[in-house]
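Working notes, beginning with the structure itself.
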Amino acid sequence: MVSYFVPRGRVLLKAGNLRKVVQPQQPQQLQLQASKPAQQQNGSWPVARHFRQFSSNSSSSGNAPLHRLKAQPQPQPHRQQLTPNQNLAQVRRNVLSRWTGFLLRWAPMGICVFGAIEWQLHKKRCERDGSPRTASEFQSRVYCSLPLRIISRCWGWLAACYMPTTLRPYVYGWYSSAFNVNLSEAQYPEYEHYNSLAEFFTRPLKEGARTIDAQAPLVSPADGKVLHFGSASESLIEQVKGVNYSIEDFLGPLQTLEEAKSGVSYAQALKRQRDGTTELYQCVIYLAPGDYHRFHSPTAWQPTVRRHFSGELLSVSPKVAGWLPGLFCLNERVLYMGQWQHGFFSYTAVGATNVGSVEIYMDAELKTNRWTGLNVGKHPPSTYEYDEVALNAEQKPKQLGKGDLVGQFNMGSTIVLLFEAPKNFKFDIVAGQKIRVGESLGHIVERK
């Protein structure tokens with residue numbers, strides 16, 4: 001086989017090497033010409049022409065010329081006669097192999113073409129109907145089938161890894177520049193203090209870095225961007241302008257059987273005051289990767305129930321929130337429901353892609369972003385699949401005060417507040433506004 005990679009005209013071989021190659025087959029026939037002893041003594045290389053074959057009938061004389069080496073015939077292996085069933089099975093395997101190769105080669109291109117066509121058709125339907133350009137059912141299923149939970153767990157593991165001291169200024173400095181991190185207000189402004197990216201994400205602030213508005217009945221629970229706010233209808237609330245989701249799908253079923261059989265709508269059953277003097281309001285705050293990742297209590301309230309919905313880990317960025325309807329109902333979230341001075345109050349921390357975990361300081365048993373196996377594309381059939389813990393007298397935490405530290409995200413995510421307040425409650429914020437912990441979300445207008 002090696003001879004096919006060298007020129008056929010002339011092959012240079014040293015005498016010793018040629019003898020080692022040929023002697024095992026023809027020890028008496030392969031001798032170099034005695035007429036050229038001087039070349040061997042001088043260590044020169046004799047010339048062998050057409051090394052592919054040497055004649056097996058060459059003379060055993062020392063003066064015989066070097067001929068082609070004839071290839072020894074190899075014995076043909078005995079082929080077992082296959083039965084008709086075995087032949088049919090072999091044909092099927094060959095056909096399957098051909099089709100598998102065909103699909104692996106052309107199926108990705110076909111899927112991309114189909115996706116582009118479906119995207120354009122859905123875009124035209126939205127323009128024709130005058131509806132917001134949101135994701136279709138097909139696009140939602142494809143997006144939810146991505147292995148985002150596996151990616152998020154890998155990112156959480158990577159962020160928790162120890163960072164060498166020499167690399168910290170470069171890695172943390174790049175991150176600070178990319179996401180506009182204000183490290184001057186951190187309790188430890190030195191990069192060397194943080195052993196991992198996770199510690200850097202969840203850095204504490206200096207004492208007094210955030211001022212809590214004592215006059216406002218409700219303040220911002222986190223640093224972030226206001227995605228949306230406003231009043232809630234009987235069944236729907238706005239995710240962003242023009243994109244709604246169901247209150248019942250987001251919170252889950254009513255807590256008591258009496259509420260379910262009250263004969264009123266879901267939103268009315270949540271209220272403590274059902275005389276028409278109060279209304280449900282909601283506020284959504286998005287935490288970017290460069291923001292302060294700890295979140296606080298927005299008011300004085302008493303949590304009574306915790307629900308953990310183990311859903312998806314989709315991105316909650318403003319663009320995705322405006323594209324995917326029901327995003328907050330699909331994502332993993334930790335929901336606390338209770339009461340404040342004006343009635344019903346709920347506080348929800350929504351998970352997202354690359355959020356290693358959501359940690360609640362008063363709830364040590366809570367475990368988010370759990371390993372669910374390689375079940376890519378398999379999702380809970382109902383949004384009502386959740387774990388519920390009633391915070392009874394033994395487990396019930398003390399009443400949370402305004403500005404008290406509640407928990408932290410191990411990456412940016414979203415806080416959703418849904419609460420009951422008088423009808424004269426007015427928000428002090430605008431959509432898209434940057435807000436910080438302790439700043440007023442709204443006030444109650446005094447009636448004349």
Side-chain angles (χ1 to χ4, degrees), residues 122 126 129 131-144 226-272 274 278-286 305-338 343-352 358 379-388 413-421 427 431:
H122 180 67
C126 293
D129 299 338
S131 58
R133 187 180 172 184
T134 57
S136 64
E137 182 68 22
F138 172 76
Q139 295 170 3
S140 299
R141 289 183 177 273
V142 171
Y143 183 41
C144 292
V226 178
L227 284 188
H228 195 70
F229 65 93
S231 61
S233 66
E234 294 299 316
S235 59
L236 298 175
I237 50 180
E238 282 192 324
Q239 180 172 294
V240 293
K241 187 175 182 180
V243 181
N244 302 324
Y245 62 97
S246 169
I247 301 177
E248 186 174 3
D249 289 344
F250 181 70
L251 297 179
L254 296 171
Q255 300 181 44
T256 63
L257 187 61
E258 290 76 11
E259 292 176 342
K261 293 184 177 181
S262 60
V264 297
S265 65
Y266 185 89
Q268 290 295 327
L270 292 175
K271 295 180 182 179
R272 186 177 65 186
R274 301 181 184 177
T278 60
E279 191 172 350
L280 285 181
Y281 298 90
Q282 60 108 7
C283 180
V284 182
I285 299 177
Y286 167 71
V305 174
R306 184 260 283 171
R307 288 177 176 176
H308 174 214
F309 293 80
S310 182
E312 311 293 343
L313 287 176
L314 311 177
S315 173
V316 292
S317 66
K319 291 184 178 180
V320 177
W323 172 71
L324 186 62
L327 172 63
F328 300 145
C329 299
L330 294 174
N331 264 14
E332 181 175 14
R333 58 197 182 276
V334 180
L335 165 68
Y336 289 89
M337 291 186 288
F344 172 79
F345 192 90
S346 70
Y347 187 106
T348 306
V350 183
V358 179
H379 312 285
S382 171
T383 185
Y384 293 155
E385 292 189 0
Y386 59 88
D387 299 327
E388 179 174 315
S413 194
T414 300
I415 296 291
V416 179
L417 302 178
L418 183 63
F419 56 93
E420 180 183 2
F427 283 99

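Keep in mind that what you see is a predicted model, and the values were worked out from it rather than measured.
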- Task: Just do the side-chain contact (heavy atoms from CB on, under 4.5 Å) check on Tyr386 and Leu335 with the steps written out, would you?
- Result: CA-CA 10 Å; Tyr386 59 88; Leu335 165 68; over 6 Å; no
- Which is it for Gln282 and His228 under the side-chain contact (heavy atoms from CB on, under 4.5 Å) test, yes or no, and what are the steps along the way? CA-CA 8 Å; Gln282 60 108 7; His228 195 70; 3.2 Å; yes
- Tell me, with the steps shown, if Thr348 and Phe328 meet side-chain contact (heavy atoms from CB on, under 4.5 Å). CA-CA 10 Å; Thr348 306; Phe328 300 145; over 6 Å; no
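For Thr278, the side-chain contact (heavy atoms from CB on, under 4.5 Å) partners two or more places apart in sequence, or in a different chain, are Lys271, Gln273, Glu420. By the side chain to side chain donor-acceptor pair (under 3.5 Å) test, Tyr281 is found to be paired with no residue, residues two or more places apart in sequence or in another chain being considered. In terms of the side-chain contact (heavy atoms from CB on, under 4.5 Å) criterion, residue partners of Gln139 (sequence neighbours excluded) are, by chain and number, Glu118, Trp119, His122, Ala135, Ser136, Trp323. The ring-ring contact (aromatic ring centres under 6.0 Å, His included) search around Tyr347 returns none, not counting sequence neighbours. Under the side-chain contact (heavy atoms from CB on, under 4.5 Å) criterion, Ser315 pairs with Tyr143, Ser317, Val320, Thr353, not counting sequence neighbours. The ring-ring contact (aromatic ring centres under 6.0 Å, His included) search around Phe138 returns Phe114, not counting sequence neighbours.
Between Phe229 and Phe427, the ring planes are tilted. Angles from 30° to 60° get that label.
Contact check for Pro253 versus Glu388: no side-chain heavy atoms found under the 4.5 Å cut-off. Side-chain contact between Thr414 and Asn331: absent, with no pair of heavy atoms (C-beta onward) separated by less than 4.5 Å.
Nearest heavy-atom pair across Ile247 and Tyr266 is CG2-CE2, 3.6 Å. The nearest pair of heavy atoms linking Arg333 to Asp249 is NH2-O, 3.0 Å. Closest of all the heavy-atom pairs between Met337 and Ser346 is CG-CB, 4.0 Å. In this structure, Gly343 and Arg272 approach most closely via the heavy-atom pair N-NH2, 3.3 Å. Considering every non-hydrogen atom in both Tyr286 and Val316, the closest pair reads CD1-O, 3.5 Å. When all heavy atoms of Pro325 and Leu330 are compared, the pair lying nearest together is O-CD1, 4.4 Å.
Atoms OG and CG, from Ser140 and Leu314 in turn, are 9.0 Å apart once rounded to the nearest 0.5 Å.
Checking side-chain atoms of Arg307 against main-chain N and O of Leu251 turns up a donor-acceptor pair under 3.5 Å.
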